[in-house]
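Please read the structure below before turning to the comments.
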Amino acid sequence: MTKECIIRVENMTKAFGKTIVLQGIHTEICKGDIVAIIGPSGCGKSTFIRTLNLLEQPTEGAIYVDGENIMDKKTDINRIRQKIGMVFQHFNLFPNLTILENIILAPVKTKTMTQADAEKKARELLARVGLEDKADAYPDTLSGGQKQRIAIVRALAMNPEVLLFDEPTSALDPEMVGEVLSLIQELAEDGMTMVIVTHEMGFAKEVANRVMFFDERIIKEEGTPEQIFEAPQSERLKSFLACIK
Amino acid sequence: MKRYLIWIMTVLLLCLTSCGKEVGPSDISGVEELAGKKIGVQIGTTGDIYASDYEKDGSGTVVERYNKGNDAISSLKNGKIDCVIIDEEPAKQYIKRNSDLSILEEEFKLEDYAICVSKEQSKLTEAINGALNELIADGTLQTIIDHYITDGEVEGKAYTSPAGLDYANGELVMATNAAFPPYEYYSNNEIVGIDAEMARAVADKLNMRLVIEDMDFDSIITAVQGGKADIGAAGMTVTEDRLKNIDFTVSYTTAKQVIVVRNGNSGAITSIRDSFYQNFVEDDRYMYLVEGLGNTIVISLVAVLIGIVIGFLVAIVRATHDKTGSMKLLNAICHVYLTVIRGTPTMIQLLIIYYVVFASANISKIAVAALAFGINSGAYVAEIIRGGIMSLDQGQFEGARSLGLTHAQTMRYVILPQTFKNTLPSLANEFIVLIKETAISGYIGLQDLTMAGNIIRSNTYQAFFPLIAVAIVYLAMVMLFSAGVRKLEKNLKKNERQVYD
């Protein structure tokens, strides 16, 4: 049985000026995939995940989402982004809006849902992450872990086909990492398609079904968590894993 | 308590600055002694033209040019200049109220007064000539002149319009400088005087309704040329230079240019109480301030609104260009706008908008001023807002765009609300500057708060109370505005903390 492909990346290159960060990347993200992306800092893993919803414009190549080339000027990128949720390292909640307003802003303004439906859905999601009492609070009054859980809820409110996580726990105090990771794990168990850039190797091992090791501008090595963590092939991956142990 | 202290200190300081020193008499007894002296004139008058000849002869003569005759007189009293060359009749009015000043026996020049009309309006010139000749023939003009040139107090008016006029020929707009008694001056909130009544009599003959516009003397010819006014009547003498730009009617009266000097007497000392009465209560003069304040408030409010709208639009275009590279043409236009507005004086912009852009349009001065100050302020607001947008965390844009919001939605719901809050102190600062900048509205003859103070000064020949009153009103306005902004700022902050636990 072949899995349904959501995102396909073909021969994608990204350069900042003369510095080439990614070169000739080929890969697919399929429905139900939970892809963990690991690699040394500066290897381009964050840049890669940000090209998937065109926050970074690739220099060459093509990216297909549900069969549409999103680099085509005629493609409505806003419509594509509605299908791809993203969670950032620094949460990026809107401090001028309450938690509830943060969550329903996009569903209502993109006319994906009515105000009433969006609010109902937002409250359900807030209840699910145990923050329903924060609906009318402002982001500045929350802890980092709470903010990141709200950011995840905000992305989920659009009913995305895939969720991108760009180092979701890197900016958190250690005692707050757990609450965010367990929420991501719950989503994984529900079958959510996810791409996660992370430094939490234990988490990657446990949750992901595919692990990509980015290094030297390419996907240096890819495989199941067992293949990557138990039987690394390349010297680079071996020394990387040795370093972080 | 601290506040009261500040107030008391301010008032004391102002009182101190008003203390003058004793000045001796002028060292001038005739025309031949003018060389080498400091001569005061009203800018653009024939006195100015004649005095300028002395300035060029190498004798060290200095000509001080004032916007109003009574400013020149005030400077003479204070010893800043040695004499004032001015028309005889206004001079008589000045010395009547100032016992420390005299007119020299020897006259400076004899000259003819006439009405100026645009060169393109030769039919109007002819019609006015006809009317003037009739008024001279039937003695009406002499009656008006005799009414105002008198040793006693002037009461009421000399001329009443005949009944049954329907003004079928429209309006006749007269430009004047109403600080020139007895030819034109304010009395009971109305411009009266020989020129005003003479012009009304002429307008009635032409079956037109007379409208009088007060402005600086040196703006009158520009206004008539540009069509802002149909005629200019302001004790204006026919000169070669003026004839190059404008036509004159026949002369309606002759006048002398005389020299006013200090005679060594001490000026009448008015008690603070009397002075207050003269400046504010007599003839309901406080009404000038009330009206002026009203105009200043309207201009400031509308200008602030225009400034905010233009500022936000320009800032959005510029920030969008900076972030995405789109809107190249619009960005270029905005760039030109910012360069021109920030690179030229506000006063010049105001004059250009009034005398050039709206030269022939019949548009209210308040609207012109509000527009000019709004356009000016917009440039500064735009850069403040753009700075605010650019200083926001890039993550705010990315967070919103990643959810599928368009650039416009991102701006409207996420970026601009935060920018507004962050830039509020700078914006408030800009608007305080704007409120005070409206003080130059007088340059297009608009009676704003500053102009109101000047009108009172031109009536009472006293500087202290009118100027201090105007200063205090501006101060109060700015303090009120600042308090409002502080409250708004507090509210915006409170919003974010209301559920803090």
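Sequence lines set the chain letters: A, B, ... in the order given, protein chains first and strands last, and positions in each chain run from 1.
By the 6.0 Å contact criterion, CZ on A:R128 is enclosed, its count of non-hydrogen atoms from other residues, nucleotides or ligands being greater than 12. Within 6.0 Å of atom NE2 in B:H335, 12 or fewer heavy atoms from other residues, nucleotides or ligands are found, so the atom counts as exposed in its surroundings. No more than 12 heavy-atom neighbours from other residues, nucleotides or ligands sit within 6.0 angstrom of NZ on A:K120. Taking a 6.0 Å sphere around OH of B:Y443, one finds it holds 12 or fewer heavy atoms contributed by other residues, nucleotides or ligands.
Residue contact with chain A, scored on non-hydrogen atoms closer than 4.5 Å, involves the side chain of B:Q409 exclusively. Only the side chain of A:L55 comes within less than 4.5 Å of a heavy atom of chain B; its backbone N, CA, C and O stay farther away.
Between A:R50 and B:E398 there is a side-chain heavy-atom pair separated by less than 4.5 Å. Looking only at side-chain heavy atoms (C-beta outward), B:L405 and A:T110 come within less than 4.5 Å of each other. Side-chain contact check for B:S402 versus A:F88: some heavy-atom pair is nearer than 4.5 Å.
In this structure, a donor-acceptor pair under 3.5 Å is absent between the side chains of B:R401 and A:N53.
Between A:P95 and B:Q418, the shortest heavy-atom contact is CG-OE1, 3.2 Å. For the residue pair B:L403 and A:M158, the shortest heavy atom distance occurs at O-CE, 3.6 Å.
Judged by distance alone, the side chain of A:N96 and the main-chain N or O of B:Y413 form a donor-acceptor pair under 3.5 Å. A side-chain donor-acceptor contact under 3.5 Å links B:Q396 to the backbone of A:L93.
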